[in-house]
Asks: 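Sharing a structure here in structure tokens format.
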Protein chains: 2
Amino acid sequence: MNETLQQPKTKRQRAILSLIAARPVHSQDELAGMLEQQGYEVTQATVSRDIKELGLLKVPLKGGSGGAFKYVEPSVGPAFTSRLHRVVAEVMIQARSSMNQIVLRTHPGTAMMLAAAIDGANWPEILGTIGGDDTVLVIVEAPGKTTMIKQRFEDMRGEQ
Amino acid sequence: MNETLQQPKTKRQRAILSLIAARPVHSQDELAGMLEQQGYEVTQATVSRDIKELGLLKVPLKGGSGGAFKYVEPSVGPAFTSRLHRVVAEVMIQARSSMNQIVLRTHPGTAMMLAAAIDGANWPEILGTIGGDDTVLVIVEAPGKTTMIKQRFEDMRGEQ
DNA sequence: ACACGAAATGTATAATTATGCAACAGCTCC
DNA sequence: GGAGCTGTTGCATAATTATACATTTCGTGT
């Protein structure tokens, strides 16, 4: 029991990560209860602080099983967005356009991945893409739509 | 004003995405007030529902400016995890090992990206990597550590 | 026109989360 | 030893978010 009373914070936070990975945890009270079962003496207030420190996210469940939300690690958050969105956010450096062409610059060795993601998105305004090492050429169906398409890519990259 | 009364949900949700991208929004009440300024008649209850539908995330601010949290789109999550973690989650399909070698299978055209991310992580147990089109060969410093390293990759990929 | 069902929304409030404040523990310095 | 500082935690509750229920709106069929 002295071991329980002297439990360091780091160990408790690691236990939290294990718990939320093992099964859905719907509320901080629930999580506090689970920690109690593992021998940690802890309240909802401390769990709230842990969750904030760990950067855990409360995400909506898609099926409505039990509670309507669960806690996840930050890395699980992106799974809720489209593949193209994730890839753009990860590899795209710059987007420039002229007439009906958009040139996307990427980190070295990642252009093919972005080109594939763009193809997979099946945007009707895009005729096709050519990917090299760090550059993707996107052909837009008409010059009038180029700026809008470029803006979409920039929106997906988000603020830096 | 009739236009305000007949505002469709989709348009309001798009406005929400623009608002949270433009500056930090700390609470649903704050967001409801901002929407009111744009002519949407809406309450916190509806905003809560919108946020759930859009899958927006409430993330902790790192600086403590104003409120301690803000709302973001799921794609903004990547900033919270390491590059290797994100790349593994995005491209790695399988990890297998033998003696001091780990073979990682990836989506086509993405192996170089993963190899670069592994190199960038500078794990002391890894001597080096060789990346091809859809396969990365990882050389571990000793066979005794191969399983543990492989497990790390699998942990980062997470449940599928 | 009316009836019906589904979707959307507000009101009120239950449920959940965050935090101010005080207390305690641990560490360093004199 | 004591003083001072920092970090951690619980208590109590303020703040925030989610939701039950009722109402309204919209779309479809007769």
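Just so it is clear: chains get the letters A, B, ... in the order the sequence lines come, proteins before strands, and each one is counted from 1.
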Asks: Distance-only, no hydrogens or angles: does the A/Ser97 side chain make a donor-acceptor pair with backbone N or O of A/Lys150 under 3.5 Å?
Replies: no
Asks: Tell me: OH of A/Tyr40 to P of D/dT8, nearest whole Å?
Replies: 16 Å
Asks: A/Leu114 and side-chain contact (heavy atoms from CB on, under 4.5 Å): which partner among A/Leu84, A/Val138, A/Thr135?
Replies: A/Leu84
Asks: Give the rounded distance in Å between these two atoms: CD of B/Gln13 and C1' of C/dA7.
Replies: 13 Å
Asks: Using modelled atom types only, decide if a donor and an acceptor are shared between the side chain of B/Asn100 and the backbone of B/Val140 within a distance under 3.5 Å.
Replies: yes
Asks: Taking any heavy-atom pair under 4.0 Å as a contact, classify B/Val42: base, sugar-phosphate, or nothing.
Replies: sugar-phosphate
Asks: Could you tell me whether the side chain of A/Arg49 has a donor or acceptor atom within less than 3.5 Å of a complementary atom in the base of D/dG7?
Replies: no
Asks: Please enumerate all protein N or O atoms sitting under 3.5 Å from an N or O of nucleotides 13-17 of chain C, with distances to 0.1 Å.
Replies:
{"from": "C/dT17", "atom 1": "OP1", "to": "A/Tyr71", "atom 2": "OH", "distance (Å)": "2.2"}
{"from": "C/dT17", "atom 1": "OP2", "to": "A/Gln28", "atom 2": "N", "distance (Å)": "2.7"}

Asks: With a 4.0 Å cutoff (strictly under), does any side-chain N or O of B/Lys52 reach OP1 or OP2 of D/dT19?
Replies: yes
Asks: Roughly how many Å is it from CD in B/Glu53 to P in D/dT17, rounded to a whole number?
Replies: 17 Å
Asks: Establish, with yes or no, whether the OP1 or OP2 oxygen of C/dG10 is under 4.0 angstrom from a side-chain nitrogen or oxygen of B/Thr46.
Replies: yes
Asks: Of all the nucleotides listed (C/dT9, C/dT11, D/dG10), which has the minimum atom distance to the side chain of B/Lys9?
Replies: C/dT9
Asks: Just by distance, with hydrogens left out, do B/Asp29 and B/Gln44 show a side-chain donor and acceptor under 3.5 Å apart?
Replies: no
Asks: Quickly work out the A/Leu56 CG to C/dA18 C1' distance and round it to whole Å.
Replies: 15 Å
Asks: Examine the side chains of A/Thr129 and A/Asp119 and answer whether a donor and an acceptor come within less than 3.5 Å of each other.
Replies: yes
Asks: Rounded to whole angstroms, how far apart are NZ on A/Lys70 and P on D/dA18?
Replies: 16 Å
Asks: Using atom types as modelled and distance alone, determine if a side-chain donor or acceptor of A/His26 lies under 3.5 Å from a backbone N or O of A/Phe69.
Replies: yes
